[in-house]
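Structure record follows, encoded as structure tokens.
In what follows, every chain begins at residue 1, and chains take the letters A, B, ... in the order their sequences are listed.
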Number of protein chains: 2
Amino acid sequence: MALGSRGFSLLRGHLGGRAMPSGTLRGAARRGPEGRRESVLQRSPLSAIPPVCPLYSHLHEATVISGTEMAKQIQKEVQRGVEAWLALGHERPHLSIVLVGDNPASHTYVRNKIRAASAIGICSELILKPKEVSQEELLDITDQLNMDPKVSGILVQLPLPEHVDERTICNGIAPGKDVDGFHIINVGRLCLDQHSFIPATAGAVWEIIKRTGIETFGKSVVVVGRSKHVGLPIAMLLHTDGDHERPGGDATVTIAHRYTPREQLKTQTRLADIVVVAAAVRKKASFITPVPGGVGPVTVATLLRNTLLAAQKVVY
Amino acid sequence: MALGSRGFSLLRGHLGGRAMPSGTLRGAARRGPEGRRESVLQRSPLSAIPPVCPLYSHLHEATVISGTEMAKQIQKEVQRGVEAWLALGHERPHLSIVLVGDNPASHTYVRNKIRAASAIGICSELILKPKEVSQEELLDITDQLNMDPKVSGILVQLPLPEHVDERTICNGIAPGKDVDGFHIINVGRLCLDQHSFIPATAGAVWEIIKRTGIETFGKSVVVVGRSKHVGLPIAMLLHTDGDHERPGGDATVTIAHRYTPREQLKTQTRLADIVVVAAAVRKKASFITPVPGGVGPVTVATLLRNTLLAAQKVVY
């Protein structure tokens with residue numbers, strides 16, 4: 001199961017109606033490769049920030065992070081992991097992707113994943129189905145993939161047509177092959193700080209923060225967005241205990257969302273050491289990591305790492 | 001699975017070393033019937049609060065809530081529910097409690113649960129095991145209870161001896177009989193805003209907030225404590241979408257914990273509309289709801305409601 005473009009259009013209103021100042025940032029406000037706006041901002045101490053600044057005036061304080069470079073680094077690590085795995089006599093990791101319908105964005109995301117998998121030595125297969133496919137047939141497909149020993153990881157690209165219940169399909173994938181981490185057991189394990197497949201976008205945000213050397217212990221973090229695939233797992237990773245089975249960030253985390261009043265959000269982001277924007281607040285926040293070249297490529301890299309972990313059966 | 005006394009002793013340090021002013025509050029700093037300190041505080045507008053007040057100076061702003069009265073009300077509702085269920089020709093709901101060892105606090109909690117169950121017409125049985133019991137034997141017991149059609153709900157009182165893995169035991173209870181809501185699938189479902197057995201303490205805090213008429217939509221809430229049985233489910237209930245299958249509170253939630261710096265916690269609680277203390281900060285915060293007579297009795301009442309729901313099979 002993989003997520004396509006999602007966002008909270010209402011949030012934009014809360015973030016204010018003024019136009020974004022131009023020329024103050026790297027990266028454009030275009031739609032990224034995954035259509036999402038997850039962005040990481042680290043700021044200098046509070047004293048440097050005017051007391052009533054709107055959200056976007058943090059701009060000149062922002063550290064702009066190149067996701068593209070970081071993705072390359074992670075992909076190299078996964079590639080080395082794949083080679084070491086093969087050298088031990090194991091089969092090549094294999095990712096099966098189920099893609100339903102003809103949503104152009106979904107096709108693009110899937111193409112990116114397949115291309116990246118191929119580049120680092122992970123096999124993939126693409127199972128295309130028309131948008132009229134029944135839920136039953138999709139469950140038959142995941143059943144077959146679950147039982148197939150050559151398949152390491154399974155991913156059903158979201159969104160699915162309305163007549164299909166996404167939750168049922170997510171739960172139809174064997175937890176040990178659920179490289180998107182959307183199966184109910186992987187959700188539960190993530191929330192209990194146990195080893196699990198961490199949803200790729202949340203994993204990417206974690207990698208970006210950690211590899212950039214941003215301290216989270218005892219820091220104040222605002223996560224804007226409470227989606228189950230992005231905002232929630234990010235909040236889980238960042239607030240939980242660094243000494244648990246799956247270590248967390250030990251940050252104090254505030255989860256803001258479409259119903260967070262604008263003034264409250266301003267106050268919270270002003271107090272925060274780190275702001276993670278995990279919602280489509282296009283005009284106001286897309287400048288913090290460049291898009292494209294932000295979280296998107298790192299997301300693909302973490303998905304491939306999950307596929308290697310699935311092949312190695314280190315989570316289950 | 002049920003939780004005994006737990007707490008974050010380190011947090012106390014963060015909350016400051018000054019002595020609690022006496023005579024300004026109802027309720028003593030004694031250990032409650034469940035040994036926990038979950039407390040709810042609603043404050044008047046920010047302007048009324050001095051800018052550098054320590055946490056406990058919010059005292060005179062606090063609404064003190066009687067958990068005992070609310071628990072009676074919920075128990076009456078559950079009792080009526082049981083009677084209606086029996087009138088339809090169904091069997092009486094039955095709660096099986098497994099109690100290991102001779103921890104006096106655990107015995108007291110279990111006694112309270114059995115007494116309350118009996119008072120509202122829920123059958124219960126107590127399975128006592130010495131502290132040397134093996135994990136295997138405990139799993140055999142839960143297996144038998146899982147299969148027994150007369151058993152509606154199963155509860156293993158925590159903590160368990162060190163040689164037993166609590167997570168394994170929690171996952172050994174059938175999700176549909178897991179009235180404490182600690183099975184991995186119930187955790188996952190809670191976090192995805194699906195119907196599930198809500199852990200009793202979190203359910204109690206929710207009831208207290210809602211029945212007191214405290215608005216949560218768009219409000220700022222600080223949850224102090226990130227335990228998987230108390231703090232986390234409270235944060236989940238309060239921040240999530242009011243329109244989802246299991247409605248949430250639509251609040252902006254900040255999760256604070258033992259590593260939240262004292263100054264940060266002060267700032268956050270000063271900004272908050274509601275503070276839920278879900279950690280054992282005995283000396284500093286136990287005054288907000290009276291103990292005993294605070295969350296404890298409501299927790300027992302919500303556990304019994306879960307038992308009725310289990311009998312009615314409305315969650316699974």
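Side-chain contact check for A:E245 versus B:R167: every heavy-atom pair is 4.5 Å or farther apart. Side-chain contact between B:V253 and A:V253 is absent, with no heavy-atom pair separated by less than 4.5 Å.
The NE2 atom of A:H244 sits 6.5 Å away from atom CZ of B:R226, with the distance rounded to the nearest 0.5 Å. How far CZ of B:F182 is from CG of A:L192: 10.5 Å, rounded to the nearest 0.5 Å. Within the model, atoms OG of A:S227 and CG of B:D241 stand 11.5 Å from one another, a figure rounded to the nearest 0.5 Å.
Using a 4.5 Å cut-off between heavy atoms, A:T267 contacts chain B through its side chain alone, with no backbone atom that close. At a 4.5 Å heavy-atom cutoff, the contact between A:A251 and chain B is made by backbone atoms alone. Contact annotation for A:L232: only side-chain heavy atoms (C-beta onward) come within less than 4.5 Å of a heavy atom of chain B.
A:D193 is linked by a salt bridge (charged side-chain N to carboxylate O under 4.0 Å, His left out) to A:R246, B:K228, counting only residues two or more places apart in sequence or in another chain. Residues forming a salt bridge (charged side-chain N to carboxylate O under 4.0 Å, His left out) with B:R211 (at least two apart in sequence, or on another chain): B:E77, B:E207.
When all heavy atoms of B:T252 and A:H257 are compared, the pair lying nearest together is N-NE2, 4.0 Å. Scanning all heavy atoms of the two residues, the minimum distance from B:I255 to A:H239 falls at CG2-CD2, 3.7 Å.
No donor-acceptor contact under 3.5 angstrom links the side chains of A:Q264 and B:S220, judged on distance only.
Note: B:V187 leads B:N171, B:N186, B:V187 in heavy-atom pairs under 4.5 Å with chain A.
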